[in-house]
> 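One structure, as structure tokens, below. Some questions next.
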Amino acid sequence: MKLNLLPTHVSKEGQTRVAWVVMAALSLLSIAAAVGMIVYSQQQLDKFTARANEVKPYYDQAMATSKKADEIMANSVTIDRNLKLADAMRKHNGVYPELYNEVLRYIPGFYRITNMSAAPVSAEVCRVTMTGLLQTSQQYSDVMLGMLRIPGAVNVTRSEFQGVRPYVPPLTESDQLGTAVPKGMNPLPSDPEARRDEIIARANADPAGFLNENGFGTDASPKGAMPGWSQITINVLMRRNIQTPDPRSTLTSAGGAQAPAGGPAGGPVRGGGGAPPPPPAGGGGRRGRVGEDDD
């Protein structure tokens, strides 16, 4: 059994000396590490500074080229806008002929076209107006079926059929049979002899020889309606954009960084200021000649 008879402060003094020695050693190590990091950082800074100085001429050259490109782009906005407008106008030359060719495929052969025109209603809808000739009321009904088959057709309207088909007039004292007669003519009498005399009188009163009816028998073109035929106007609303580029709005627009309405940045504006006059359409074949469009 051992007894520690030394005072407590003797052991504490030894521990304190050890602590001071360890603290001094750690401080020296910290200072040495800090100095090393400073030296290393300075070396790296010098290294990359020298590298930056080497590539700075290339950077200056690239920046000068970029600035020159920006100047060229800024000066070419007008040229770019004009080129886009010219290209859009060139492509628009085929819009109306393509529309007419597509519509003509669905026009029945018994509907003889004399005129066709088209005009934009909005940026998405256009109206195709056709004037043609029909002979019977059945054709008047069937022509609507053909028009509704046109791709994109949303509405079809037509003018009234002005046929000359017979009708049964009201019974009168002289006509107790209700004989059908052409529109606009008086009823025929029921008495056989009076009926015969009336038919002979009407036949003698009918015009004879060359009638010069609506250009038939002459070189006049296009021909109008033959006797007994009716002229019908049909309007077809279609989902088709046929608006022409608007040169005035495009060429007078300021700047090229902002996109004008209806076109890309610096590009042409379409369909401004009302409906433009469509180009003339050419028809042919059995459907007749298509006349020029209205302004």
Side-chain angles (χ1 to χ4, degrees), residues 22-102 118-127 151-152 238-282 293 295:
V22 173
M23 184 183 67
L26 291 175
S27 298
L28 292 175
L29 290 175
S30 300
I31 294 172
V35 171
M37 294 177 63
I38 292 173
V39 173
Y40 178 78
S41 299
Q42 187 63 40
Q43 291 175 350
Q44 293 296 316
L45 177 61
D46 295 341
K47 175 182 177 181
F48 287 107
T49 300
R51 177 59 180 167
N53 292 332
E54 292 177 1
V55 301
K56 189 176 185 303
Y58 301 101
Y59 166 79
D60 296 337
Q61 183 180 1
M63 291 300 296
T65 303
S66 176
K67 184 177 180 180
K68 185 65 175 178
D70 292 340
E71 294 177 357
I72 295 175
M73 290 296 294
N75 295 331
S76 63
V77 168
T78 302
I79 298 176
D80 179 69
R81 185 190 304 115
N82 293 345
L83 289 175
K84 289 180 179 179
L85 174 62
D87 185 62
M89 296 177 68
R90 178 185 60 80
K91 292 180 179 179
H92 189 77
N93 290 334
V95 171
Y96 280 86
E98 291 173 2
L99 175 64
Y100 294 141
N101 290 334
E102 182 176 358
V121 177
S122 65
E124 299 178 354
V125 179
C126 69
R127 177 184 291 106
M238 298 179 57
R239 296 189 184 278
R240 180 73 67 87
N241 181 14
I242 62 173
Q243 287 185 341
T244 59
D246 187 0
R248 183 179 300 276
S249 297
T250 301
L251 297 178
T252 57
S253 59
Q258 208 171 19
V269 181
R270 301 187 66 86
D293 297 323
D295 290 336

> Which heavy atom in Gly94 sits nearest to a heavy atom in Glu98, and how many Å separate them?
O-CG, 2.9 Å
> Tell me whether Thr65 contacts the main-chain N or O of Gln61 through its side chain, where contact means a donor paired with an acceptor under 3.5 Å.
yes
> Measuring from atom NZ of Lys67 to atom CD1 of Ile72, what distance do you get when rounded to the nearest 0.5 angstrom?
13.0 Å
> Nearest heavy-atom pair of Ile242 and Ala118: which atoms, and what distance?
CD1-CB, 4.1 Å
> Which atoms form the tightest heavy-atom contact between Gln243 and Ala123, and what is the distance?
NE2-N, 3.6 Å
> Is Asp87 paired with Arg90 through a side-chain N to carboxylate O contact shorter than 4.0 Å?
yes
> Give the minimum heavy-atom separation between Pro151 and Met238, together with the two atoms involved.
O-CE, 3.4 Å
> For a quick test of reading the model, state the closest non-hydrogen atom pair linking Cys126 to Leu99 and the distance between them.
SG-CD2, 4.2 Å
> Does CE in Met23 sit with more than 12 non-hydrogen atoms of other residues, nucleotides or ligands closer than 6.0 Å?
yes
> Would you say the side-chain atoms of Tyr59 pair up with the backbone N or O of Ala52, donor to acceptor, closer than 3.5 Å?
no
